Amino acid sequence: MSETTPDVATLSGGHDLFGLRPFLARGRDFFKDLSTPLRWSCALYILHILLQGKIALSELMAFWSIFFLAFAWYRKQIRFSAHILFYPLLLFGVVSTISALTAVRRIHSSGEAMLWFKMLIFPAALVLFRSLPRFRPLVLGAFWILGFGSACWGLIEYFILDQRDLEHRITGPASHVMTLSGMLLPLSLMMLVMWWNQRRWWQLVGCSVTTFALLLTFTRSVWLGWGVAVFALLVFMRPRLLIWASIALVYFITFSPMAVFSRMISVFDVRQESNLDRIRMIEAGIEMIRDYPLLGVGPANVKELYPLYRRPDAPRFRPPHLHNNIVQLWAERGILGLAAYVILLGLFLRACVKAWRGPTRMWAQAGVAVTVSLAYAGLFEFNFGDTEVFYLMLNLYAFLLVAMEDVASAREVEPVTPG
């Protein structure tokens with residue numbers, strides 16, 4: 001089975017592709033040309049993306065998508081392809097399993113088997129995107145629907161169901177506001193980068209709605225992650241706009257609604273309960289690291305051991321995690337678990353740097369925005385341990401990596417005319 005590699009305009013979402021009728025027609029033609037196992041794998045993968053907020057259904061779709069993909073590979077209808085990002089994921093899985101098996105309390109040893117399945121979505125997506133180029137625009141549309149639909153769901157909760165205070169924040173299709181905000185964060189930035197480069201109406205609509213909903217989650221960690229990612233993009237893309245961006249930020253903070261303004265200002269109040277709680281959790285995590293530096297206390301054991309390490313004035317007696325990717329991973333899975341996380345991000349950013357000046361720079365910019373935003377927000381929230389965000393991150397990484405490498409290889413065959 002062979003597919004024709006799309007040109008830059010098609011992969012990037014030209015006007016002929018993202019009109020509704022052409023989009024549906026291309027989807028119909030795409031599925032019609034596939035074998036039965038691949039047809040099921042692709043359809044279930046799209047459902048996995050669309051149902052990201054309902055994790056049980058999303059994981060079920062992912063399982064069957066991987067199953068049918070494996071069946072297609074067995075029948076030699078598709079070829080396996082490797083990537084350097086497999087190595088940090090493999091390291092993370094091995095270290096996590098060893099940490100779970102060697103922990104004093106093996107309360108999560110069986111649960112680490114599920115981690116291996118979760119990570120399978122990355123190679124599965126990579127194989128589908130590389131082997132079936134026409135599948136990528138359909139998945140890009142699914143990402144847009146996921147972000148736009150989740151944001152609209154949250155806006156209905158805010159404006160119609162009156163979920164406006166910190167105790168009743170919007171959750172959209174997810175079970176928690178942190179999960180919703182963690183999903184909207186990378187999607188809003190990817191749509192922003194695409195709109196900045198292409199100026200399509202659907203990109204502007206998606207970016208505006210998802211960013212607005214992100215603001216109304218009142219989640220400070222994702223606000224900071226979004227702001228730092230935009231700052232990083234401006235530094236490398238349009239440094240002259242930093243002055244205007246700073247003026248716009250000051251204007252926005254000054255004239256923002258009181259609820260938003262007070263939430264922003266609370267970031268600097270160390271006596272505020274949630275801020276103090278995070279400080280005490282980091283301090284407890286550091287003490288755990290000192291006692292268990294190599295393999296950590298074991299997955300899911302941080303919550304159980306926290307009362308032994310907490311300071312007397314810590315607001316919460318037993319939080320679910322330490323609200324910091326770096327401290328949580330080191331305390332829970334040891335130094336190698338943290339190293340796997342850092343290497344994963346570093347290798348992905350290296351791929352973005354390589355593609356930054358080429359014809360795939362838009363996808364490289366989106367990759368930097370996604371990584372920087374999630375990593376920075378992860379300094380205040382354990383988003384790498386949030387299953388929905390973890391799945392979305394791996395799916396976006398697979399999509400962006402293939403988008404970056406495919407057009408670059410096509411350019412070597414067909415020279416690009418300037419302008």
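Everything numeric in this text was worked out from a predicted model, so none of it was measured. Just so you know, residue 1 is the first one in the sequence shown, and it goes up from there.
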So that I can tick it off, tell me whether Asp29 and Arg134 are bridged by a salt bridge, with the cut-off set at under 4.0 angstrom between side-chain N and carboxylate O.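 No, this pair does not count.
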Closer than 3.5 angstrom, by distance alone: can the side chain of [X] be matched with the main-chain N or O of [Y] as a donor-acceptor pair?
X      : Y      : value
Ser41  : Pro37  : no
Arg136 : Ala403 : no
Glu332 : Ala300 : yes
Thr217 : Leu214 : yes
Asn197 : Met362 : no
Ser99  : Val95  : no
Gln163 : Tyr158 : no
Ser373 : Val370 : yes
Thr171 : Val177 : no
Arg39  : Leu34  : yes

Do [X] and [Y] have side chains that get closer than 4.5 Å, going by heavy atoms?
X      : Y      : value
Phe143 : Leu392 : yes
Gln365 : Leu233 : yes
Tyr87  : Leu91  : no
Ile55  : Tyr391 : yes
Glu283 : Tyr309 : no
Leu249 : Phe231 : no
Glu59  : Thr387 : yes
Phe384 : Val389 : no

What's the shortest heavy-atom distance between [X] and [Y], and which atoms?
X      : Y      : value
Leu180 : Ala174 : N-CB, 4.0 Å
Met194 : Trp202 : CE-CH2, 3.7 Å
Met404 : Ala351 : SD-O, 4.0 Å
Ala331 : Met288 : CB-CB, 4.1 Å
Trp356 : Arg361 : O-CB, 2.9 Å
Ala369 : Leu189 : O-CD1, 3.7 Å

Please state whether the rings of [X] and [Y] are parallel, tilted or perpendicular, taking 30° and 60° as the class boundaries.
X     : Y      : value
Phe68 : Trp64  : tilted
His83 : Phe86  : tilted
Phe30 : Phe135 : parallel

By the salt bridge (charged side-chain N to carboxylate O under 4.0 Å, His left out) test, which pairs, at least two apart or in different chains, include something from residues 121-130?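 Matches after skipping sequence neighbours: Arg130-Glu405.
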For residues 250-271, which residue pairs qualify under salt bridge (charged side-chain N to carboxylate O under 4.0 Å, His left out), counting only residues two or more places apart or in two chains?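 Residue pairs passing salt bridge (charged side-chain N to carboxylate O under 4.0 Å, His left out), neighbours aside: Asp269-Arg271.
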When rounded to the nearest 0.5 angstrom, what is the spacing between [atom1] in [X] and [atom2] in [Y]?
X      : Y      : atom1 : atom2 : answer
Phe218 : Trp223 : CZ    : CH2   : 6.0 Å
Gln272 : Ile265 : CD    : CD1   : 12.5 Å
Met190 : Gln203 : CE    : CD    : 9.5 Å
Leu338 : Asn325 : CG    : CG    : 9.5 Å
Trp196 : Arg238 : CH2   : CZ    : 5.5 Å
Phe92  : Trp116 : CZ    : CH2   : 10.5 Å

Full working for side-chain hydrogen bond (donor to acceptor under 3.5 Å, both in side chains) between Arg220 and Ser274: CA-CA 11 Å; Arg220 296 170 298 178; Ser274 62; 2.8 Å; yes
Do Ser221 and Glu381 have side-chain atoms, one donor and one acceptor, less than 3.5 Å apart?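 Distance-only check fails for Ser221 and Glu381.
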Assess the residue pair Trp195 and Ser208 against the criterion (side-chain hydrogen bond (donor to acceptor under 3.5 Å, both in side chains)); give the C-alpha distance rounded to whole Å, side-chain angles, the decisive distance to 0.1 Å, and a yes or no. CA-CA 10 Å; Trp195 174 78; Ser208 302; over 6 Å; no
Walk me through it: do Met119 and Phe390 pass the test side-chain contact (heavy atoms from CB on, under 4.5 Å)? CA-CA 9 Å; Met119 293 189 298; Phe390 183 71; 3.9 Å; yes
Side chain to side chain donor-acceptor pair (under 3.5 Å) contacts in which one or both residues fall within residues 42-55, not counting sequence neighbours: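 Listed once each, the pairs are Tyr45-Asn395, His48-Ser58, His48-Asn395, Gln52-Ser58.
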side-chain contact (heavy atoms from CB on, under 4.5 Å) between Trp40 and Phe71, intermediate numbers included: CA-CA 11 Å; Trp40 277 104; Phe71 186 61; over 6 Å; no
Can Leu185 and Thr219 be said to form a side-chain contact (heavy atoms from CB on, under 4.5 Å), step by step? CA-CA 11 Å; Leu185 175 61; Thr219 307; over 6 Å; no
From CA spacing to verdict: side-chain contact (heavy atoms from CB on, under 4.5 Å), Met393, Leu345: CA-CA 11 Å; Met393 175 182 169; Leu345 302 188; 3.4 Å; yes
Around atom NZ of Lys303, are there more than 12 heavy atoms from other residues, nucleotides or ligands closer than 6.0 Å?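 No, NZ of Lys303 has 12 or fewer neighbouring heavy atoms, counting only those of other groups under 6.0 Å.
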